[in-house]
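Just below is one structure, and these are the notes that go with it.
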Amino acid sequence: MKTLKFLVLLTIAIVIQACSTSKAVISHGVDMSKYTYVVFGTESTGDRELDDIIMAVENEIATTSLTVISNREAVLKIAEDIPVLTPNIHVLTEKWDGGHTYITITFYDFETNQSIAVLKSSGIGLSISQDQEIAIEAIREKLKDVFGE
């Protein structure tokens, strides 16, 4: 019976420890369905150790309905009056007090540099790598909500 109580308490502790939040804000009046192309290149972290998380987020963006194209292709699409997005990805991982990982993606119109949408996620787990995995999973869900698969 003591083992069962211990397992129940351990499970509750893990559930309480591992959580995520996410949010998406889209600029008023913007039809996100008109955007079908994305150009990478303006990502930032503030910490070069987090470049792997930036790439994981880029990979998540690439699995949406957006088609990844080059800067040159983007210029050609814009000349054809086809809108193109470019993301600025920011990742922050706190390494103290159990850690916390935050991911923010701000999508800009490639031509006008106008902010179109902001997606945020965060993760708290039992380790830094778990924090990051939870935050990536949460941003994946927001990307699906905004752009589909």
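Predicted model, so just to flag it, every value in this text is computed and none were measured.
Shown here for S121 and A138, the closest heavy-atom pair between the two residues is CB-CB, 3.6 Å. Taking all atoms of both residues into account, the shortest heavy-atom contact from N88 to Y108 is CB-CE1, 3.9 Å.
Contacts of F147 classified as ring pair (Phe, Tyr, Trp, His ring centres under 6.0 Å), with partners at least two apart in sequence or in another chain: F107. For D31, the side chain to side chain donor-acceptor pair (under 3.5 Å) criterion is met by S33, not counting sequence neighbours. Annotation: side chain to side chain donor-acceptor pair (under 3.5 Å) contacts of S70 (sequence neighbours excluded): E73.
Counting only distance, with no hydrogens or angles, the side chain of T86 and the backbone of V39 share a donor-acceptor pair below 3.5 Å. D131 places a side-chain N or O within donor-acceptor distance of the main-chain N or O of H100, the cut-off being under 3.5 Å.
Sequence neighbours left out, the pairs with a member in residues 132-144 that pass side-chain hydrogen bond (donor to acceptor under 3.5 Å, both in side chains) are E60-R140, T93-Q132, E137-R140, K142-D145. The ring-ring contact (aromatic ring centres under 6.0 Å, His included) contacts involving residues 111-140 comprise nothing, where partners must be two or more places apart or lie in separate chains. For residues 50-79, the set of pairs meeting the ring-ring contact (aromatic ring centres under 6.0 Å, His included) definition, not counting sequence neighbours, is empty.
Expressed to the nearest 0.5 Å, how far CD1 of I139 lies from CG of L119 amounts to 5.0 Å. For the atom pair CD1 (I136) and OG1 (T101), the distance works out to 8.5 Å, reported to the nearest 0.5 Å.
By the criterion of side-chain heavy atoms lying less than 4.5 angstrom apart, applied directly or through intervening Ile, Leu, Val, Met, Phe, Trp or Tyr residues, V146 is grouped together with V68 in one hydrophobic cluster.
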